[in-house]
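Report on the structure given below.
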Amino acid sequence: MRFNLFDHPIVAMAADRLTGYWSWTEHVPFAFLLIDLLRPRMVVELGTHSGTSYCAFCQAVQKLQLPTRCHAIDTWKGDPHTGLYDAAILDALRAYHDPRYASFSQLLQSSFDQAVDRFADGGIDLLHIDGLHTYEAVRHDYGQWLGKVSDAGVILIHDTFEKRLDFGVFKLWAEVEDQFPSFQFHHGHGLGVLGVGKHLPPAFLEFLDEARRAPEGVREVFAALGRANSAWCQLRLAAGRLFDQQAGINAYKRQIGEMADPQWQDFSSALSRPLAYVNYTIDQVGALVRHAADLARRAGASK
Ligand SMILES: C[S@@+](CC[C@H](N)C(=O)[O-])C[C@H]1O[C@@H](n2cnc3c(N)ncnc32)[C@H](O)[C@@H]1O
């Protein structure tokens, strides 16, 4: 059969996880599609940080009600490209992840090398490699984990189109892309899709056939879906941040005898119409600033 995007409405699902880190956000629609195409028994991610990619895999697994097991591996300490970071990143990820996904997913705080022996050879159907992006590091991660990928398995490699600084994933990609059926997206720093298993799922092969028949079309469509996802996430993140300021705004309004607008007092309504909420908050802040300036002027005049 021929691949038909309209058979996979999951690509249009909005990402739930809002992280404020954007390097992977434009690939989320493809992550949703890939889970639908592969229906993997096991997903492993090397390099999770705040969880944009990993939570996209988990969201799709949950939406499709698959019996998939997922594992995220990271020291959650950082590397020379992300910079070192503190425990707040993992704490925030756990607070989001555990109530939603802990029944089928595990966050494993470890180096990739220390974790590798915990996984059986040939057991992983989807491996996402997104650790340190120097050539030496990604070559090492790829070599260490290739044997863990199953007969039906696919490897995703992020940052394959990035050539800044000492980024070297593109060199690894050049070495491996012809060894297996593959496709590369160029947007979002590049995402390589490598079908390493000998018996890949037919739905995935149909997608690859279509991607290789019309590569520019497939790249354009997924770049546009990615931009839309990113824009929607950014808007909701902005609304969420303003929502956090709402308590202070409401307290000030109470002091001056004004009521808070009841339609905007819960988080889900703020996130469901983020632009309207951003405008509402900006208007309120403007009114309160004018009120405070007026008070200050009157206080000055009465001196
Ligand atoms: C580019 S970030 C991952 C981004 C993430 N996939 C996303 O969606 O935003 C890379 C992560 O890999 C982790 N990392 C790098 N090398 C590692 C290693 N050898 N073992 C464990 N974690 C590592 C870093 O701590 C960092 O959090």
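Counting convention: from 1, in listed order, for ligands and their atoms alike. This is a predicted model, so every value here is computed, not measured. Along the sequence shown, the residues carry numbers beginning at 1. What you see below is based on every heavy atom in this structure, not just the backbone, and it leaves out hydrogens, waters and symmetry mates.
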Ligand 1 N/O to protein N/O, distances under 3.5 Å:
unit_1	atom_1	unit_2	atom_2	d
ligand 1	6 (N)	Gly47	O	2.9
ligand 1	6 (N)	Ser53	OG	2.9
ligand 1	6 (N)	Asp130	OD2	2.7
ligand 1	8 (O)	Ser53	N	3.0
ligand 1	8 (O)	Ser53	OG	2.9
ligand 1	20 (N)	Phe112	N	3.0
ligand 1	22 (N)	Thr75	N	3.2
ligand 1	25 (O)	Asp74	OD1	2.7
ligand 1	25 (O)	Gly78	N	3.0
ligand 1	25 (O)	Tyr85	OH	3.4
ligand 1	27 (O)	Asp74	OD1	3.3
ligand 1	27 (O)	Asp74	OD2	2.7
ligand 1	27 (O)	Tyr85	OH	2.6

The ring pair (Phe, Tyr, Trp, His ring centres under 6.0 Å) partners of His187 (sequence neighbours excluded) come to His27, Phe185

(message) Tell me whether Arg41 at atom CZ has more than 12 heavy atoms from other residues, nucleotides or ligands lying less than 6.0 Å away.
(response) no

side-chain contact (heavy atoms from CB on, under 4.5 Å) test vs Leu126 passes for just one of Leu156, Val149, Val44, namely Leu156

For residues 55-73, the side chain to side chain donor-acceptor pair (under 3.5 Å) pairs (sequence neighbours left out) are His71-Gln106

#### Entry: Flag side-chain contact, heavy atom, 4.5 Å: His291 against Tyr252
yes

Phe170 meets the ring pair (Phe, Tyr, Trp, His ring centres under 6.0 Å) criterion, sequence neighbours left out, with none

